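Note sheet for the following structure.
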Amino acid sequence: MIALLRISSLTNIFKSTYTSSFIHNFVPTIDPSDSLLYFLLLSVESQSLKLTQQCHAQVHRVGLSQHPLIAQKLIISYSHFKHTDDSQLVLDTILLKSTHLCNSLLNGFAKNGLFSKSFKLFRIMSDATSLPPADEFTFSIIFKAAGDIGDVLCGKMVHGSGIKNGFVLDTVVCNSLITMYSKCGSIDNSLKVFDEMLHKNVSSWNAAILSYANLNSDKRNGFSDNNELWEFVKGMQNEGLKFDAYTISILLPLCGGDVKNGNCSKNLGYGRELHCYIVKYWLDLCSGSGSDAHLGCCLIDMYSKSGGVDIGRRIFDRLKNRNVFAWTAMINGYVHCGHYNEALCLLREMQWRDQLEPNKVSLVSVLPACSSFAGLTGGKQIHGFAIRRELSHEVSLCNALIDMYSKCGSLNNARRVFDYDCIKKDAISWSSMICGYGLHGKGREALVLFDEMLQNGIQPDTIMVVGFLSACCKSGLINEGIKIYDYVLNNYDIKPTLEMCSCMVDMLGRSGQLDRALDFIKSMPVEPGPSIWGALVSASALHENSEMRDLAYKFLIQMEPENSSNYISLSNQYAASKQWDNVAEVRKAMKERGLRKLPGCSWITIHSVTHSFFVADKSHPCSGMIYRMLNELGLSMKLYGRNPGSAYMMEVLE
DNA sequence: TTAGGGTTAG
């Protein structure tokens, strides 16, 4: 009855809008089922739910409600528009239900994230009493749903059911099973399914390669030195199978380095080989995926992350079908390499040259360029653009905005985004705000927020702990910092990192507890790096403990023998205490190593004009005024009992 | 009808 009422209302929609439309004239001229199938396809392509509804009404009007193919297309169309209740209604109306139709509804539920409905329907199909039995298509869909949930127990249950029903011999079913286990984090099971497959195709290898990649390394940082994955990939070619566009798009992200952190990938050589392969088989690869932009994105990303942003740009310029992904990949590449102006220009260019709207990711990608280059005004413009496009509540964008506002000095705006725009906060939202407080030395605020975050059930991770410790360090909240450090290590799955330990040394050192800082270094579970000894150097200098300072310098120079800054700062320290012999010794050591200090440079942008300054630079037209102000600041610091560091001041004022 | 790949944030 309910179904009939619903259909009746749909018919009314159809009648009210249909009479003058072209569909009305078109339908009677050819077979009604053909025309309806055509319009249903058109409704999805043109994103018109109304057309789907009109077709549905017409289906009933011309008596085609039991037509299996039309019913299937209706189920698919309604699912596409997230109207799965209407998809269900279509199936309910069918008297002779087929597995085929049930699968379409099952897929509709799964694609809309309605997993409980998917599994309920799957159970009914498995009973094979009120609905037709499951087939291999059913299992492909349900394995995918289990993978999307990410629950390995659920995955194993449906796997068992698949084996019992004899469907785990089909290649596509096995491929979806490999992916399911991979998504559930059970890589061993994933590769076991692959090993035991009778007929592997290219997609089977792709699924296994992706799984293998997850096993071996973090994609973002490139692969570890082992060659196991690449040997595995060669196995695919040894079996006479060619890479397709999917294979390459899985492999290329593993070849990029992390130029931002000074790491160039060890796998760039493989990346170049893949690039050659793409050039050789370009047409084949692009005909499969329909566009060259897809592989282009991967190449741009790989080269940019390996420091070759110019190569990325050349690839970008030659793309025939540049879509928003390609533009965003290029923008992101420029930001990654510190070419902020180019990134900002591209954001404008994509709109006027290709008439493409930047999406959420484009904006997230370009925001760091505002923090480092365009400043608060540029950041606010991006924010305004996001508001106009109704994107300002997207969590990733909010997180990037919080970061941008914090780094541009506007903590109030950062907090406003955190409180009002960021409706669904994730761990990064909390972390961004805590790190913002850390950046501004607002330890108390960071402490309150950290506590609130824990009460909200958000798990802390190493990055937010570093942000929090940094805030404590700058605010002198030593006990609070130490307490939280111990708390997170004892209560969460967090292992101390070098950054966390550096914060601890910095915190203890700044508070004058130099011996405690040294004891901490001796007992810490990670190998001390330059940041650790650097923190101890600064703290020892601050508290004028020359013995500790020399010890810290000794380790620091041992670790970074080619870093001229360490020698210069040590020399300056000796000079400040008039230890001229030591100064000479340090300068001699530098000379022997052929080290020269590059002059430090800082810059500031005022009214879109960037002013840069080198050490002891007096070339600026306002140089006299600037140095007078520096002198005044130095004197003020002394008045407040803070030593600006005579050696450093000497260097600046010389 | 079924599986797999692209740009992002602390």
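Every chain is numbered from 1, with letters handed out A, B, ... down the list of sequences. Just so you know, these numbers come straight off a predicted model, no measurement behind them.
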Looking only at side-chain N and O atoms, does A:Asp421 offer a donor or acceptor that is under 3.5 Å from a partner on A:Ser392? no

A:Tyr246 side chain, from C-beta outward: closest of B:dG5, B:dT1, B:dG6: B:dG5

Drop me the distance from A:Arg415's CZ to A:Ser406's OG, to the nearest 0.5 angstrom. 11.0 Å

Dot-bracket line, read 5' to 3' along DNA chain B, where crossing pairs take [ ] and | marks a partner on another strand, Watson-Crick or G-U under 3.5 Å: ..........

Please report, rounded to the nearest Å, how far the C1' atom of B:dT2 is from the CG atom of A:Asp135. 9 Å

Would you check if there is a donor-acceptor pair between the side chains of A:Thr138 and A:Asp135 at a distance under 3.5 Å? yes

Within this structure, what is the CD1-to-C1' distance between A:Ile458 and B:dG10, rounded to whole angstrom? 13 Å

Using whole Å, what does the distance between atom P of nucleotide B:dT7 and atom CD1 of A:Ile250 come to? 12 Å

So, do A:Phe325 and B:dT7 meet the stacking rule of ring centres under 5.5 Å and planes under 30°? no

Euclidean distance, atom CG of residue A:Asn201 to atom P of B:dA3 [Å, nearest integer]: 14 Å

Have a look at A:Ser203 and say if it touches a base, only the backbone sugar-phosphate, or nothing, with a 4.0 Å heavy-atom cut-off. base

Integer-rounded Å distance: B:dG5 C1' and A:Tyr212 OH: 20 Å

Taking B:dA3, B:dG10, B:dG4 as options, the one with an atom nearest any side-chain atom of A:Met464 is B:dG10

Which of A:Phe450, A:Phe418, A:Phe468 passes ring-ring contact (aromatic ring centres under 6.0 Å, His included) with A:Trp430? Answer is A:Phe418

Under 30°, 30 to 60°, or over 60°: which ring-plane class applies to A:Tyr334 and A:His339, parallel, tilted or perpendicular? parallel

How many whole angstroms separate atom CD1 of A:Ile178 from atom P of B:dA3? 14 Å

Does the B:dG10 base have a donor-acceptor partner in the side chain of A:Asp461 within less than 3.5 Å? yes

With a 4.0 Å cut-off on heavy atoms, is A:Thr179 in touch with a base, just the backbone sugar-phosphate, or nothing at all? sugar-phosphate

Could you verify whether a donor N or O on one side chain and an acceptor N or O on the other, from A:Thr462 and A:Thr497, lie under 3.5 Å apart? no

Rounded distance (Å) that lies between atom P of B:dG4 and atom CE of A:Met236: 17 Å

A:Phe243 ring center near A:Trp205 ring center (under 6.0 Å): no

Check every strand shown and say whether A:Ile141 touches a base, only sugar-phosphate, or nothing at a heavy-atom separation below 4.0 Å. sugar-phosphate

Can you confirm whether more than 12 heavy atoms, excluding those of A:Asp493, are under 6.0 Å from its CG atom? no

Suppose we call a contact any N or O donor and acceptor under 3.5 Å apart; does that hold for the side chain of A:Ser432 and the base of B:dA9? no

Close approaches to DNA chain B from residues 101-115 of chain A, in residue order (heavy atom, under 4.0 Å): A:Asn103, A:Asn107

Considering only heavy side-chain atoms of A:Ile428, the closest of B:dA9, B:dA3, B:dG6 is B:dA9

Under 4.0 Å, heavy atoms only, any strand: does A:Ser431 hit a base, just the sugar-phosphate, or nothing? base

Check for me whether the distance between the ring centres of A:His383 and A:Tyr405 falls short of 6.0 Å. yes

Is the shortest side-chain N/O distance from A:Lys360 to OP1 or OP2 of B:dT7 below 4.0 Å? no

A:Asn399 side chain, from C-beta outward: closest of B:dA3, B:dT1, B:dA9: B:dA9

Between A:Tyr277 and A:Tyr270 (judged by ring centroids, cut-off 6.0 Å), do the two rings come close enough to count as a pair? no

Side-chain-base donor-acceptor pair under 3.5 Å for A:Asp426 and B:dG10: no

Check step by step if ring pair (Phe, Tyr, Trp, His ring centres under 6.0 Å) holds for A:His275 and A:Tyr303. CA-CA 10 Å; A:His275 190 176; A:Tyr303 281 115; 5.4 Å; yes

Do side-chain atoms of A:Ser304 reach the backbone of A:Ile300 as a donor and acceptor pair under 3.5 angstrom? yes

Mind listing the residues from residues 401-418 of chain A sitting with a heavy atom below 4.0 Å of DNA chain B? Number order is fine. A:Asp403

Taking 4.0 Å as the cut-off, does a side-chain nitrogen or oxygen of A:Lys144 come that near to OP1 or OP2 on B:dG4? yes

Rounding to an integer number of Å, can you tell me how far A:Ile300 CD1 sits from B:dG5 C1'? 15 Å

For the rings on A:His294 and A:Phe325, is their centre-to-centre separation under 6.0 Å? no

